[in-house]
Protein chains: 2
Amino acid sequence: MKPAQLTQTISDTMVDLRKSERKVAEFVLKEPLGVIRMRIVDLAQQAGVSEPTVVRFCRAVGCHGFQDFKLALAQQLASSPSYGQIAVTDKDSTREYTHKVFDSTVDTLLKVRDSLALENLEAAVAAICNAQRVEFYGFGASAAVAFDAQHKFFRLQITSAAYSDPHLQNMSATSLQTGDVVIAISQSGRTQALLDSMELVKQSGGIVIGLAPSGTPIARSANIAIEIDAKEDIQIYTPLSSRIAHLAVIDVLAIGVAQKKGPQLQAHLQQLQSGLSSLRVG
Amino acid sequence: MKPAQLTQTISDTMVDLRKSERKVAEFVLKEPLGVIRMRIVDLAQQAGVSEPTVVRFCRAVGCHGFQDFKLALAQQLASSPSYGQIAVTDKDSTREYTHKVFDSTVDTLLKVRDSLALENLEAAVAAICNAQRVEFYGFGASAAVAFDAQHKFFRLQITSAAYSDPHLQNMSATSLQTGDVVIAISQSGRTQALLDSMELVKQSGGIVIGLAPSGTPIARSANIAIEIDAKEDIQIYTPLSSRIAHLAVIDVLAIGVAQKKGPQLQAHLQQLQSGLSSLRVG
DNA sequence: TATTTCTTGTAAATTTTTTACATAAATAAA
DNA sequence: TTTATTTATGTAAAAAATTTACAAGAAATA
């Protein structure tokens with residue numbers, strides 16, 4: 001019994017259920033939280049059926065028995081609702097808004113994790129590994145992401161640069177060689193200047209990897225689109241968690257490249273690390 | 001029964017338990033996943049005690065009975081074990097390392113969320129609101145965090161700057177007024193140049209908010225320390241999730257400031273948004 | 001309408017948990 | 001050290017909960 005989608009299974013199975021079993025299903029879906037603390041008699045009574053019917057229902061949805069069913073239900077309920085996109089209100093306590101920020105970030109990350117197109121990630125990693133130069137373009141909040149990415153890839157012995165200035169982007173774009181890669185980062189997916197830069201990159205024979213929401217002009221215009229949909233209240237505050245999702249995707253790309261580049265990189269990183277330690281105390 | 005910390009409760013209660021009850025506790029902590037599918041007889045037998053002892057143990061950790069205990073345990077296990085700090089290996093598939101990166105990031109965020117000192121966050125928010133100028137200092141990976149933060153606070157109508165150059169930091173630091181705030185960001189907490197800048201800030205009467213691991217020189221040297229412990233395999237790859245935790249903390253600070261600044265900010269943000277839209281297509 | 005099949009509930013059996021109590025162990029007092 | 005008292009633990013019985021077997025009732029088909 002996969003607990004992750006029990007309620008889903010119940011909904012799906014609904015059509016195959018007998019009338020009285022369906023009563024149980026409906027009650028469970030209506031009050032799943034109450035059910036996990038119930039005994040079989042309570043559930044039978046509240047659903048208006050007999051106890052054996054409840055057992056039959058449990059078996060019908062793939063569980064071994066009533067206890068097994070309750071356990072699976074409890075697990076599902078415990079696993080999902082903790083996070084979520086909750087709007088911060090102006091009356092929230094420090095504790096509340098701290099939790100909300102972290103939880104909605106976590107929520108975004110989990111959603112993005114499950115919606116990433118892996119084949120595009122693989123294509124992106126391959127393209128980066130083949131490139132002579134890798135550059136990161138982004139404006140506004142995405143500029144910080146671009147610089148973070150540049151820093152990260154630089155450490156992987158990849159010639160990389162980050163530009164948040166449209167003129168620099170354009171100049172650099174026109175000097176790219178065939179096979180070079182530009183990673184265009186945008187939270188909105190609609191930044192005109194970035195689209196312009198991307199066009200120049202493609203004219204130079206460069207490959208554009210786009211990090212942007214799905215269906216946006218930037219995602220469509222990219223050679224390889226890594227679509228990141230982090231719905232959030234973009235109106236009220238600056239992009240909150242979407243740029244964090246972008247950073248996580250950059251991490252994934254970096255890991256992918258590091259893996260492909262193999263173990264000779266390990267030695268290089270060790271060296272870098274020891275070089276840095278001289279700048280640190282203790 | 002709060003399921004979120006049952007195993008924590010067990011660990012805490014351990015000292016008050018009788019010898020045989022402790023056997024149960026140890027077994028549960030050793031094999032929590034197995035326990036949720038066990039009957040009381042199995043658990044009693046495997047822990048080497050009698051069934052009533054198991055019941056007494058359940059009551060001792062705050063549950064109503066054995067079933068209640070199993071339910072709470074199941075809920076806790078369902079909510080946590082999916083994440084965790086798992087090292088990426090060189091044989092991982094794209095799917096695997098993608099999940100690992102996201103999951104360990106989520107894990108870090110949840111840990112940091114629960115370990116933040118709220119009173120220090122509040123103090124930091126208050127200090128930022130009182131400051132004439134707010135500046136962000138960081139090197140390396142933290143430089144990107146600093147720029148992100150600058151961008152974020154700039155949108156909140158706060159005069160802010162970000163410097164990742166020690167000379168610029170020093171020049172700016174000496175020109176600060178009493179009450180101005182510098183947020184010093186460091187993943188390692190040991191960067192010598194950052195410590196030097198912090199010293200200058202304090203000499204100018206500025207307040208230093210430190211974002212760094214607990215107990216590190218930077219955390220200790222800061223006027224307000226926001227300690228962020230994101231243990232990770234810092235050796236092999238660049239700081240992966242700790243900078244994301246830093247960004248999340250910046251978000252929290254920004255929300256806190258926005259809340260304090262009140263609703264007149266809303267109008268300003270609306271305006272900003274409409275200004276940006278002219279740079280976008282569609 | 002009669003027959004068959006399917007559905008559902010009653011009641012019994014089984015399993016599982018909990019309680020009551022007795023014994024053993026440990027601690028404290030003499 | 002010995003004895004009394006308290007505390008801890010297990011045995012066995014009781015209670016509670018779940019599951020099975022079966023029969024009655026409803027629905028469907030001939």
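All values derive from a computational prediction rather than experimental measurement. Lettering follows sequence order; numbering is per chain, from 1.
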Can you tell me the distance, in whole Å, between the [atom1] atom of [X] and the [atom2] atom of [N]?
X: A/R18; N: C/dG9; atom1: CZ; atom2: P; result: 12 Å
X: A/E21; N: C/dG9; atom1: CD; atom2: P; result: 10 Å
X: A/Q45; N: D/dA16; atom1: CD; atom2: C1'; result: 17 Å
X: B/R39; N: C/dT17; atom1: CZ; atom2: P; result: 7 Å
X: B/R56; N: C/dT17; atom1: CZ; atom2: P; result: 16 Å
X: A/I40; N: C/dT8; atom1: CD1; atom2: C1'; result: 14 Å
X: A/D16; N: C/dC6; atom1: CG; atom2: P; result: 15 Å
X: B/L43; N: C/dT18; atom1: CG; atom2: C1'; result: 15 Å

Does [X] put a side-chain nitrogen or oxygen below 4.0 Å from OP1 or OP2 of [N]?
X: B/K19; N: C/dA26; result: yes
X: B/S20; N: D/dA8; result: no
X: A/R59; N: D/dT20; result: yes
X: B/Q67; N: C/dT17; result: yes
X: B/T53; N: D/dA8; result: no

Subject >> Residue pair B/E21 / B/F57: nearest heavy atoms and the distance that separates them >> reply: O-CD1, 3.8 Å
Original post:
B/R59 side chain to B/H64 main-chain N or O, any donor-acceptor pair under 3.5 Å?
Top reply: yes
Original post:
Counting N and O atoms only, with roles assigned by atom type, does the side chain of A/E96 sit under 3.5 Å from a partner on the main chain of A/S93, one being a donor and the other an acceptor?
Top reply: yes
**OP:** Compare all side-chain heavy atoms of B/T53 with those of B/K23 and state whether any distance is below 4.5 angstrom.
**Re:** no
